[in-house]
There are 2 protein chains.
Amino acid sequence: MSAVSTAPSPKLSFRQQMHLAREDAIIVAVNRLLADKGFDAMTVDEVAAEVGIAKASLYKHFPSKEDLAATAMARVMQRAVSFLVGVDPTQPPLERLRATARWTMGLQLAGEMPSLPSENSSLRTALAANTDYMDGLMTVSDTLGEWIEAAQADGSLDAQLPPVAVLYTLYARACDPVLGFLKGSGQYSDDEIIEMVLRTCFNGLCRR
Amino acid sequence: MSAVSTAPSPKLSFRQQMHLAREDAIIVAVNRLLADKGFDAMTVDEVAAEVGIAKASLYKHFPSKEDLAATAMARVMQRAVSFLVGVDPTQPPLERLRATARWTMGLQLAGEMPSLPSENSSLRTALAANTDYMDGLMTVSDTLGEWIEAAQADGSLDAQLPPVAVLYTLYARACDPVLGFLKGSGQYSDDEIIEMVLRTCFNGLCRR
DNA sequence: GTCTATAGACCGATAGAC
DNA sequence: GTCTATCGGTCTATAGAC
């Protein structure tokens with residue numbers, strides 16, 4: 001991925017570029033399927049069909065289904081890191097957190113946010129072994145953790161909640177099924193849905 | 001289930017009682033596994049092993065894995081209906097909603113709340129075809145819907161949110177992964193976890 | 001003795017892996 | 001394109017209740 005974003009890499013052969021491009025297409029397809037049906041229900045045949053390549057070719061890129069999914073989720077985590085560094089640092093910390101939550105919700109409604117694996121899935125171990133994913137996760141957690149503590153210090157965020165509880169809540173809202181429920185009802189636009197869920201997340205269900 | 005609780009049913013043979021008791025054990029085991037790993041990852045061999053019976057015996061009780069899971073989830077829905085009718089009606093509607101959320105969270109921490117199936121799972125169709133489940137779901141939704149509108153009318157609940165959004169949020173919190181995250185951190189007791197998540201749910205992350 | 005439910009072997013399809 | 005493991009589902013002989 002760094003190969004496509006950093007400019008001074010002219011030494012890539014055509015083959016290598018094709019390889020990377022294909023890998024990119026695979027990852028995009030995997031994230032869509034992961035968001036749609038989850039890891040267990042996703043088959044590698046589906047992935048191959050979606051990308052339009054032979055199943056065997058997948059195994060030239062990834063040693064296993066777990067690794068495939070872990071790489072795809074590491075990519076999402078990388079996008080999150082990129083988003084965070086782009087957030088306007090002059091904004092108050094609460095607004096930075098809100099912007100982040102809004103972004104993750106948009107990602108989910110766009111079908112690009114993988115649903116998180118159940119507690120004991122084989123995916124979990126693959127994720128834990130994926131350094132890209134774990135590094136991204138740590139960077140995201142550290143950044144959000146700082147913002148959370150700053151927002152608690154300036155009085156905008158509930159200071160009685162442990163920061164880790166806030167952090168986990170933000171992670172969970174990125175995969176909140178409420179978005180899908182409301183979308184399935186067909187009564188609201190994506191923006192309306194996001195604003196409603198953001199409101200319940202930050203302001204709560206009770207009247208203020 | 002009604003057979004063991006209602007007194008005037010002496011016509012049940014021991015065989016039938018055994019049958020019902022075993023069915024009960026099966027359902028309990030299924031709900032545990034469903035909560036633990038989800039429908040796709042759960043195998044019927046595991047269920048049989050957990051209950052301590054042969055797999056074929058399962059199929060004397062339930063025609064398919066989907067039906068098995070649907071029956072188990074219908075049981076949970078039935079428990080929810082029972083809980084709702086037992087909620088103190090003299091409490092204000094907001095407190096009734098809070099008590100309900102607290103109860104569902106306790107259920108999840110106890111490992112008795114099945115994780116909800118992904119959007120297109122085969123379980124979904126089985127659930128839609130299960131009248132017990134659908135009846136319970138409708139009863140629960142109607143009851144909660146009334147409480148929600150009452151709580152909005154008396155000013156305790158945010159009246160700007162569509163009632164259906166509140167309803168979906170309460171359903172989603174019953175399966176909120178934040179509970180599992182916090183439990184996994186090992187730093188908080190179950191009661192502390194529930195109170196924290198309840199607080200974020202009803203009061204929001206922002207300071208009041 | 002009959003009849004039902006059980007247990008464990010068994011089958012076919014499918015999905016991961018190569 | 002093939003191999004193999006696994007999983008949902010079935011078959012049959014047997015044990016036990018009546």
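Quick caveat, the model's predicted, so the values are computed rather than measured. Just so we're on the same page: letters track the sequence lines, and every chain starts at 1.
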Please determine, for the side chain of [X], which listed nucleotide ([options]) has the closest atom?
{"X": "B:Ala56", "options": "C:dG8, D:dC7, C:dA15", "value": "C:dG8"}
{"X": "A:Glu66", "options": "C:dA17, C:dA15, D:dG8", "value": "C:dA17"}
{"X": "A:Val44", "options": "C:dC18, C:dG8, C:dG16", "value": "C:dG16"}
{"X": "B:Tyr59", "options": "C:dG8, D:dT10, C:dA17", "value": "D:dT10"}
{"X": "B:Lys60", "options": "D:dG8, C:dT6, C:dG16", "value": "C:dT6"}

Length of the line joining [X]:[atom1] and [N]:[atom2], which is rounded to integer Å:
{"X": "B:Ile26", "N": "C:dA7", "atom1": "CD1", "atom2": "C1'", "answer": "14 Å"}
{"X": "A:Phe62", "N": "C:dG16", "atom1": "CZ", "atom2": "P", "answer": "15 Å"}
{"X": "B:Leu68", "N": "D:dC7", "atom1": "CG", "atom2": "P", "answer": "15 Å"}
{"X": "B:Ile53", "N": "C:dG8", "atom1": "CD1", "atom2": "C1'", "answer": "13 Å"}
{"X": "B:Lys37", "N": "D:dT6", "atom1": "NZ", "atom2": "P", "answer": "13 Å"}
{"X": "B:Asp40", "N": "D:dG8", "atom1": "CG", "atom2": "P", "answer": "10 Å"}
{"X": "B:Leu58", "N": "C:dA5", "atom1": "CG", "atom2": "P", "answer": "15 Å"}
{"X": "A:His61", "N": "C:dA17", "atom1": "NE2", "atom2": "P", "answer": "16 Å"}

Are any of the side-chain nitrogens in [X] or [Y] under 4.0 Å away from the carboxylate oxygens of its partner?
{"X": "A:Arg32", "Y": "A:Glu112", "result": "no"}
{"X": "B:Asp190", "Y": "B:Lys183", "result": "yes"}
{"X": "B:Glu119", "Y": "B:Arg124", "result": "yes"}
{"X": "B:Lys37", "Y": "A:Asp40", "result": "no"}

> Would you say the side chain of B:Lys65 and the base of D:dG9 hold a donor-acceptor pair, judged only by whether the two atoms sit under 3.5 Å apart?
Replying inline: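 No.
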>> Both conditions, 6.0 Å and 45 degrees, for the charged tip of B:Lys65 above the ring of B:Phe39: are they met here?
In response: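 The answer is yes; both the distance and angle limits are met.
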>> With a 4.0 Å limit, can you tell me whether B:Ser57 has a side-chain N or O closer than that to the phosphate oxygens OP1/OP2 of C:dA7?
In response: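 B:Ser57 to C:dA7 OP1/OP2: side-chain N or O found under 4.0 Å.
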>> On DNA chain C, does the nearest nucleotide to B:Lys55 precede the nearest nucleotide to B:Arg22 from the 5' side, or the other way round? Give the residue.
In response: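 Of the two residues, B:Arg22 wins.
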